Amino acid sequence: MKKSEDILYPEQYELYESIQKPVTRRNFFRLVGGGVGVALTVSDVLASTLTSDLKNRESENFDDSTIAAWIHINEAGRIVVYTGKVEVGQNIRTSLTQIVAEELRVSVNDIDMIMGDTSLVPYDRGTFGSLTTPNMSPILRKAAASLREVLVELAASQWKVSASSLRAEGGKVMQASSRKSVTYQQLAQGKKILKPINDKAALTPPEKWKIAGQSVQKINGRDFITGKHQYTCDMVLPGMMYGKILRAPAYGASLVSADTQKAKAITGVTVVQDGDFIGVVSNDSQSAERALWEIRAEWKTTPQPSREVIFNYLKERASSARTESSKGDVDKVFAASKEVLMQTFHVNYIAHAPLEPRAAVAQWEGDKLTVWIGTQRPFGVQEELERHFRMSKENVRVIMPDTGSGYGGKHTGETAIEAARLSKAVGKPVKVVWTREEEFKWAYFRPAGVIDAKSVVDATGNVTAWEFHNYNSGAAGIQIPYEIENQKIQFHPVDSPLRQGSYRALAATANVFARECQMNDMAVSLNIDPVAFRIKHLKDDRLIKVLETTANTFGWTKPKQKGRGYGIACGFEKGGYTALAVEVEVAASGAVNVLRIVSAFECGKIINPRHLRSQVIGCILQGLGGALFEMVDFKDGKMINPSFANYRVPRFSDIPPIEIILIDRPDIRSTGAGEAPIVGIAPAIRNAIYDASGKKLNNLPLLANRGRI
Amino acid sequence: MNIRVNGKNYSIEVSGSTSLLVALREHLGLTGSKYGCGEGVCGACTVLIGGVPARSCITPVGSAQNKEIMTIEGLEQNGKLHRVQEVLLEADPFQCAYCASGMVMSAVALLERNSSPSKEEIKDAMHGNVCRCCTYPDIVEAIAKAANA
């Protein structure tokens, strides 16, 4: 367990327990056969995140326990890339493939990407934090460029010519003057060469990119629209059985007794009991379900809070504050000011609700365990299994098929442990797929939170003091991009009564909401344009650029019809710059209609415009749900709306016209895009409703009151 | 239980109350149709029964006897994709794509009964299909393009 002050984002509660040193000693060629490879070591990775000045090592006999990523050309000529990052719909299988194809001068079809198989890929903490593009992509780019140079050198020594007279293209090394050429496959034949990364390897500059930077189609896209792709929940192993788990009625309940006789009497059903854990296994999912239904269990419940009291509950139980930022003297400014804007914001728990619920298939072979699971952290799941079964990590293999989404909600391995326990008990492979109700009730939520904001703006429109307290949501996005002389910013951790954890953009969905509402209201109070007001307090050119682009494209200064309002918000999260404007209509009845959305986004050089657009649209529209209506309702520690019929998510008919402007910056290193674009939608809609109606809605979701303000 | 799926007859040993989704996935190995909610409100399990879109997770297999059931696996004809699939492949809107099978089947059914739907009609017809990645706008565009193809 890490101490809370050591953790940058404490709202990633689910990650607390398993931050361990990687153990990946293995002999790669034993696993994959011969060929030519280039590997990066852990120290390269650390160095590349800290400094670009890497040392080119002399020795090729490096310890393969330190390998962090690598690319290999096997004797069949396939280029195989090994990475611990996983695909949950961000389309990184495509973008990483593009980067490698670009540097190796091959087609994307020549590349296989092995992702998230703990026996084959180097250790990786997990796929979260929008880190694949800024961290893994440059590593693979450098590895691919290094491998290209190794291949050129191999050809040069074979032909006894200078490497500078050769070039790589179309999967071959060739010499223009002699018209000689040799394929990568021929070069890899009969070899066992593993070279370290060459930090000096020449990278292809973005302006010369032919594959990277293009809208290359989703890798294996055809498999997804023909239903051929096998998600974990689709897998079938020979002899595989289906498992179901008995659940407690609410948080904090413990099992008193269980009568399993009727369940055991069903043909083919095995009941597995181990303390509070009761599972059933059968040859088909229906009899497993029926058996579960036949178990009569008595539970002892404990007092648990309900949604009505949650915000007081959180604030009352807040522990010591963690100071995120402090400068100047806010108290002095507040004491001397006549007008202080004080507002409280409430943010409800919401659910990720990935369309593919948690699923795992477990198989024991002797003391070796293999688990297939949809997770963002295969190595984290490996550690959970290692701990649970007190077995050596070398005997646990976790494989991650491309999965039906996560949004930060699949960092844990519940189904892996459940399936493995049941499989061990029955001696056959077992699949566990959570129902929608289980996914809602027993996964983890985006934290609820209370935010107290207090600020002063002087008569000239300068914000002079900013005090900001967040209770429970977390610290992400709590720092302000605005230049304000006196600041006091604190995060107050709370033991959440519901299980909570990472969500897309973490607590920035709460903190940016409160911040952008507070900024808006100060501007409005002085009758200053909210765009100009923000720009006046900003120094970051990239943030100003997305804000101006959004405002201009939107037509921010154009007059609006009666009953309509404009709202805008901006932010910088996880390397991405976003601004978003909306127009809303508020009817006399209080019904709110979002009429249109305009958003500019910038995350450096764009690797795949088509897929970046999907990320940005997806973020914004998923954020629309949390802004308007998504809310976990709970009573006495029990979620009471655990279904898609009762927990409303955005649908086709909720979607207004949306215009996205992607700003490409070839001069800036690419960063991630899966999180930043979500933060602007809620405050922009709230500010637009205020503009249209004069009503300040400071609670998320905004339209919890049956869709009306 | 005898059912006809994608032009083939099958005999399976299940009770008539078994959901069609379970029958397809567990008994016929047709896993293209997905479980998403179990209550017929997310559309991931959509199949066509007699050309009409149905939520297979709440359809008893017994009620689909003697009818033509079409799943995502039956859409491709002699290696050629249905035009809805072609257009979606080209438009490439999906992220995790877990919703894709259901989206395709709902869109195929829509175009069968209305060959040139407006965008509003597309949104209405697809209302029961959830894409949790929220890539809706470009799915609408793609279906509109398929209609005009």
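Hydrogens, waters and symmetry mates play no part in the numbers below; they use all other heavy atoms, side chains included. None of the values given here were measured: they were computed from a predicted structure. Here is how names work: the chains are called A, B, and so on, in the same order as the sequence lines, proteins then strands, and each is numbered from 1.
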Is [Y] close to [X] at the side-chain level, that is, under 4.5 Å between some pair of heavy atoms?
X        : Y        : answer
B/Val41  : A/Arg651 : yes
B/Cys96  : A/Gln90  : no
A/Arg222 : B/Leu81  : yes
B/Asp92  : A/His611 : yes
A/Phe652 : B/Pro137 : no
B/Thr18  : A/Gln286 : yes
A/Gln615 : B/Gln95  : yes
B/Thr31  : A/Met235 : no

Would you mind checking which part of [X] comes under 4.5 Å of any heavy atom in chain B, side chain (CB onward), backbone (N, CA, C, O), both or neither?
X        : value
A/Asn91  : side chain
A/Tyr407 : side chain
A/Val88  : backbone

Where the side chain of [X] meets the backbone of [Y], is there a donor-acceptor pair that is under 3.5 Å apart?
X        : Y        : answer
B/Thr135 : A/Gly618 : no
B/Lys123 : A/Ile655 : yes
B/Glu39  : A/Ala645 : yes
B/Tyr136 : A/Asp654 : no
B/Tyr35  : A/Trp434 : no

Which distance, rounded to the nearest 0.5 Å, do you find between the CZ of B/Arg25 and the SG of A/Cys233?
5.0 Å
B/Leu89 CG to A/Ile225 CD1 distance, which is reported to the nearest 0.5 Å:
4.5 Å
Is B/Val22 close to chain A through its backbone or its side chain, or both, or neither, when contacts mean heavy atoms under 4.5 Å?
side chain
B/Glu26 and A/Lys431: CA distance, side-chain angles, deciding distance, salt bridge (charged side-chain N to carboxylate O under 4.0 Å, His left out) verdict:
CA-CA 12 Å; B/Glu26 280 180 36; A/Lys431 174 156 81 175; over 6 Å; no
Leading residue by heavy atom contact count with chain A [cutoff under 4.5 Å; candidates [options]]:
options                               : result
B/Gly29, B/Ser33, B/Ala97, B/Gly128   : B/Ala97
B/Asp138, B/Asp124, B/Leu75, B/Ile122 : B/Asp138
B/Glu120, B/Met103, B/Gln85, B/Arg132 : B/Arg132
B/Ala100, B/Cys99, B/Pro93, B/Ala44   : B/Pro93

Determine the minimum heavy-atom distance between A/Gly404 and B/Tyr98, stating which atoms define it.
CA-CB, 4.0 Å
For B/Cys134 and A/Ile617: C-alpha separation, side-chain torsions, deciding distance, then whether side-chain contact (heavy atoms from CB on, under 4.5 Å) applies.
CA-CA 7 Å; B/Cys134 293; A/Ile617 287 181; 5.9 Å; no
Would you check if the distance from the ring center of B/Phe94 to the ring center of A/Phe224 is below 6.0 Å?
no
